[in-house]
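Since the structure is predicted, the reported quantities are computational estimates derived from the model, not experimental observations. Numbering starts at 1 and runs along the sequence shown.
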Amino acid sequence: MAKNKPEGYLSAKESRRISRENRRITNAMEKKRKRKNVPESEYLTEMHDSGNAVEFDNLHTYFFTDAGTVKSVDGVTFEVPIGKTVGVVGESGCGKSVTSLSLMQLLQRPQGQVVEGEIRLNLGSKSYDVTKMPNVELQKLRGNFMSMIFQEPMTSLNPVFRIGKQLDEVIFLHDGDGKTKEDVKKRTIELLEMVGIANSEGVYKMYPHELSGGMRQRVMIAMALACNPRIIIADEPTTALDVTIQAQVLDLLRSLKDKINSSIMFITHDLGVIAEMADYVVVMYAGRIVEKGTADDIFHHPAHPYTIGLMASKPVVGKQVDKLYSIPGKVPNPINMPNYCYFKDRCEMCVNGCEGEYPPEISISETHKVSCYRFTEANKKGNKEGGEA
C-alpha cells in the first residue's frame, strides 16, 4: 500500500538530479562572472532616463536549491531618481533585500544568481549594467558609487577590530590614493562627527561591543557614506533600535542625503517609516511588485488589496480597536508559485479575471501603477454600471 507523501516531498534520487542540474547552471554563470580583462563595452549601457540614479528593468534573481528553484525576485521593474528616496515595502520574504543585494551583487553564491534583466547604474559620464559586470570591476563601484547600511550593525562590524581601524580600511580601499594614515584618520573623525557622534576621538579607539545599538548604527552609516556614494541602500536600518533612536537615525539619513546629494533605496516593513522618509513607494509581494507610485498615491489612494491590507493592519493613534486586522492565509510556496495572481488565495476583493494568468501592470495615473484585475477596463466598466443601477 502506497504511503501518502507530504506536499513538497522529494526522493533522494530527484534531489540529486536537481543538485546536478543546479551545479551545471551556476557553474556556467560563475565562470562568466570570474572572467578577467572583460571589455567595458560588454557592460556599458544607456539609462532610459538620465534623471535616475538606478533603474531595475525586469530583474529576475533566483536561488538554485536542492529542493528546487526559488524565484526570490521575479520580474521587478522600478527606478530610483537622483536625490530622491524610494521606499520598498512588503512582508518578510517578499524579495526586498534580495533586490538590493542584486544591485550590490552580494548574493549568496553560487546558489543565488541574477538570471535575467538589467540593473542600470548611473555614474554621471556613463552607465553600467551591474548584472553583466565581472567581480573585479564591481569592486570599484561598491563603496564609491553605491553602498549599503545593513539591518544589524553588530553582525556587520568586526568585533575584534576597533571602530577607527574598520572605518580607515574602507577609506584606504576605496578612496586612499595619495592619502597618508593621518589624512585617513582625519577623514574618519570627520565622518563620525558628521553622523552625530560627539566623542569621535574616543569612539575611534573603541570596539563595537562598547557602543550602544544607536551608536553602532551611526558608525555603519558613516562607513556607508565614507566615499559620498550616488546611491545608499538602507536595509531596515532602524529595526533593531528603540523608537527615539529610530527617529534620530531617520533624521540623520534625511539630512545626510541632502548634504551629499545621494539617492536612498529604503527597505522596510514599517509603513510609518516609509510615510516619513519616502518620495516614492514600491510595494512587493512574493517576489513581484504589486503596486508603485508616489508616497501620496500609496498612502492616500491604495489600490492593490495587499496594500489596502497592509494599511488596515497598521495601528492608528487615537483609534481604538478590539483587534488589529491581519491579512488571512499564507504566502504561496516560492518553489511552486501558482500561474495566477499570487495574492488571489488571500484576497477578499476578487473580481472577474482573477482566475486567469498573472495580472498585467495597469496605470491608474501617470505616477501610480498596480497589478490587479480590479482595474482592468472590463471590471471598471462593470463597477460603473453597478453604481448607476
Side-chain angles (χ1 to χ4, degrees), residues 51-54 79-89 96 100 103-104 122 124 142-153 156-157 163-164 166-167 170-171 174-175 185-204 211-282 294-296 298-299:
N52 292 329
V54 176
E79 304 81 33
V80 182
I82 294 171
K84 300 292 184 183
T85 299
V86 174
V88 184
V89 67
K96 307 185 298 292
S100 66
L103 168 58
M104 294 290 287
N122 190 347
R142 294 193 198 105
N144 297 61
F145 294 95
M146 52 182 179
S147 61
M148 194 163 182
I149 303 163
F150 293 96
Q151 185 170 352
E152 175 46 67
S156 305
L157 294 169
I163 295 296
Q166 296 188 54
L167 272 166
V170 173
I171 298 165
H174 296 286
D175 193 26
K185 182 178 178 180
K186 186 182 175 187
R187 172 65 177 152
T188 298
I189 298 293
E190 279 175 17
L191 286 166
L192 291 172
E193 288 171 354
M194 186 169 76
V195 296
I197 294 175
N199 180 24
S200 53
E201 289 277 0
V203 169
Y204 183 90
L211 303 178
S212 67
M215 291 278 270
R216 284 196 291 264
Q217 196 59 280
R218 286 168 190 266
V219 170
M220 282 302 301
I221 293 170
M223 200 177 279
L225 302 181
C227 304
N228 296 337
R230 287 177 170 268
I231 178 149
I232 302 159
I233 301 164
D235 187 2
E236 305 205 26
T238 58
T239 302
L241 308 175
D242 59 63
V243 178
T244 51
I245 303 299
Q246 201 175 88
Q248 290 172 18
V249 169
L250 293 178
D251 287 339
L252 175 65
L253 275 172
R254 230 188 336 257
S255 62
L256 291 175
K257 180 199 73 157
D258 297 333
K259 192 178 285 185
I260 66 173
N261 193 30
S262 285
S263 309
I264 294 181
M265 184 175 158
F266 201 100
I267 295 163
T268 184
H269 56 258
D270 190 332
L271 289 166
V273 169
I274 288 288
E276 191 178 332
M277 284 290 293
D279 300 298
Y280 299 93
V281 181
V282 171
T294 63
D296 182 67
I298 302 299
F299 282 94

| remark: CZ (R254) and CD (E276) are apart, to the nearest 0.5 Å, by 4.5 Å

| task | Check S100 against M148 and note the closest heavy-atom contact, atom names and distance. | result | OG-CE, 3.3 Å

| query | For the residue pair I82 and A53, what are the closest heavy atoms and their distance? | reply | CG1-N, 3.6 Å

| field | Heavy-atom closest contact (Q217 atom, Q151 atom, distance) | value | NE2-O, 3.8 Å

| field | Nearest non-hydrogen partners of A295 and A278, listed with the distance | value | CB-O, 3.5 Å

| Minimum heavy-atom distance A226-R187, with the two atoms named | O-NH2, 2.9 Å

| message | Using only atom types and a distance under 3.5 Å, with no angle test, would you say the side chain of N144 pairs donor to acceptor with the backbone of H174? | response | yes

| message | As an exercise, state the distance from CD of E201 to OG1 of T188, rounded to the nearest 0.5 Å. | response | 10.5 Å

| request: Begin with the C-alpha distance, continue with both residues' side-chain angles, and end with the deciding distance and a verdict on side-chain hydrogen bond (donor to acceptor under 3.5 Å, both in side chains) for T294 and D296. | output: CA-CA 5 Å; T294 63; D296 182 67; 5.0 Å; no

| said: So I171 and L191, do their side chains get closer than 4.5 Å, heavy atoms only? | reply: yes

| remark: The side chain to side chain contact (heavy atoms under 4.5 Å, CB included) partner of V89 among V282, V281, V273 is V281

| field | Main-chain N/O of T85 paired with D279 side-chain donor or acceptor, under 3.5 Å | value | yes

| query | Hey, what do you get for CD1 (I149) to CE (M223), rounding to the nearest 0.5 Å? | reply | 11.5 Å

| When rounded to the nearest 0.5 angstrom, what is the spacing between CG in L256 and CG in L225? | 5.5 Å

| query | Going by heavy atoms in the side chains, are I233 and M146 under 4.5 Å from each other? | reply | no

| Main-chain N/O of I231 paired to S263 side chain as donor or acceptor, under 3.5 Å | no

| remark: In short, S147 meets P229 closest at the heavy-atom pair OG-CG, 3.2 Å

| Is the shortest heavy-atom distance from the side chain of Q166 to the side chain of M220 under 4.5 Å? | no

| What do the steps show when you test I221 against I232 for side chain to side chain contact (heavy atoms under 4.5 Å, CB included), and what is the final call? | CA-CA 9 Å; I221 293 170; I232 302 159; over 6 Å; no

| said: Has R216 got a side-chain atom pairing as donor or acceptor with S156's backbone, closer than 3.5 angstrom? | reply: no

| message | For the CG atom of L250 and the CD1 atom of I245, what is their distance to the nearest 0.5 Å? | response | 11.5 Å

| query | Any luck finding a side-chain donor-acceptor pair between D270 and T268 under 3.5 Å? | reply | no

| field | 4.5 Å side-chain heavy-atom contact, L167 and Y204 | value | no

| said: Let me confirm one number: the CD1-CD1 distance from I298 to I274, rounded to the nearest 0.5 Å. | reply: 10.5 Å

| message | Between N52 and V54 (side chain of the first, backbone of the second, donor and acceptor by atom type, cut-off under 3.5 Å), is there such a pair? | response | no

| Between the main-chain N or O of K84 and the side-chain N or O of K257, is there a donor-acceptor pair closer than 3.5 Å? | no

| Should L253 and P237 count as side-chain neighbours, where that means a heavy-atom distance under 4.5 Å? | yes

